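Everything on this sheet refers to the single structure shown next.
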Amino acid sequence: MPNLRLIFSVLLMSLALTGCDSASEQAESPASDQVAIDGFFSDLPRFYKIDSIRTIGARKDAPLALMERLNIRHQMIIEHHADLIKGAKILDFGSYDGRWTYAALEAGAEHVTGIEINQDFVDQAIKNLDELEAPQDKYDFIVGDLLEELRKIEPGEYDGILNLGIFYHITYHVALMEEMQRLNVDWIILDSSVQLDEKPIVQWSLSPYGMEGTPSVSAIDLMANQYEFSLTRVPLPPNNSFGMWDYNEGGRATFTMLPGATKKQFKKQ
């Protein structure tokens, strides 16, 4: 059986070199020993196909080392919260191709329900989990609008929420916080791009999918406080990965949200 880790490490490095515009940029590409090849996703190439690797202008067009990125994010999202995930019934917001549904099941989740608006993504997720031989009674997927589907769920049905890569693609942040509080879960793992601003702001932008809003960390904290969640930032593992450029520059972060926090009193400025 071929050594997938070795093959993909070589392919990633080849892409890193060919993606540069000059010899000086090639010299700044990461050495092979800087590309992490050990982690949960290393032997799951279906989740980091070479043709899906994007280029990131902020890193001189160096290819995003998606395998390394997924491995480090797995440490922050799954491994850091292993005690919460084990035995839990979980909602996976924007479940995409099923990667985090599968990761949660492998970490011992009792059941995971993905909510995804795109039928093609759900079809791919089902295919992925079926081929990976995940027990079919341990997961399901709902196709529909996130808020509309959440409003059909009774409080207490689920223990936890994976809110990953969604919060900066929406315009209804406050409404979503309200729904998460209503669901009465024990924990929420939130992963989002964030604005580098100390003030509680949301930066609006127009994407091919419509209006989106990227909040600052203080804005997320303010919303969490309003709905009586504590917000704790998950430590970023030391790394020199091109794939983690946004996390390393502070523009993306993972948080643990727990219910039952007492509201803070804010003074007028």
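Side chains are part of it too, since the values below use all heavy atoms of this structure and drop only hydrogens, waters and symmetry mates. Everything numeric here is computed off the predicted structure, so don't read it as measured data.
- The two residues Asp159 and Gly87 make their nearest non-hydrogen contact at OD2-O, 4.2 Å.
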Criterion side chain to side chain contact (heavy atoms under 4.5 Å, CB included) on Ile115 and Ser95, from CA distance to verdict: CA-CA 6 Å; Ile115 301 178; Ser95 47; 5.9 Å; no

Using the side-chain hydrogen bond (donor to acceptor under 3.5 Å, both in side chains) rule, take Thr214 and Gln203 through it: C-alpha gap first, then chi angles, then the decisive distance, then the call. CA-CA 5 Å; Thr214 303; Gln203 179 66 51; over 6 Å; no

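- Under the 3.5 Å distance criterion, with hydrogens and angles disregarded, a donor-acceptor pair is assigned to the side chains of Gln124 and Asn128.
- Judged by distance alone, the side chains of Asp197 and Ser216 never bring a donor and an acceptor atom under 3.5 Å apart.
- Checked for salt-bridge contact, Lys89 and Asp186 miss the test: no charged N lies under 4.0 Å from a carboxylate O.
- Just one of Phe121, Phe141, Tyr102 meets the ring pair (Phe, Tyr, Trp, His ring centres under 6.0 Å) condition when paired with Tyr96; it is Phe121.
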Please evaluate residues Leu236 and Met76 with respect to the criterion side chain to side chain contact (heavy atoms under 4.5 Å, CB included), reporting the C-alpha separation (whole Å), side-chain torsions for both, the decisive distance (0.1 Å), and the verdict. CA-CA 7 Å; Leu236 177 65; Met76 301 169 69; 3.8 Å; yes

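- When side chains are defined from C-beta on, Ile189 does not count as touching Phe255, because their heavy atoms never get closer than 4.5 Å.
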Might you work through the side-chain hydrogen bond (donor to acceptor under 3.5 Å, both in side chains) test for Ser42 and Asn71, ending with a clear yes or no? CA-CA 7 Å; Ser42 295; Asn71 283 337; 3.0 Å; yes

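- Residues Asp97 and Arg99 are paired through a salt bridge, judged by an N-O separation under 4.0 Å between the basic side chain and the carboxylate.
- Aromatic pair Phe40/Trp100: centroids not less than 6.0 angstrom apart.
- For CG of Asp83, the number of neighbouring non-hydrogen atoms (other residues, nucleotides, ligands) closer than 6.0 Å is 12 at most.
- The aromatic ring centres of His169 and Tyr209 sit 6.0 Å or more apart.
- Residues Glu131 and Arg46 are paired through a salt bridge, judged by an N-O separation under 4.0 Å between the basic side chain and the carboxylate.
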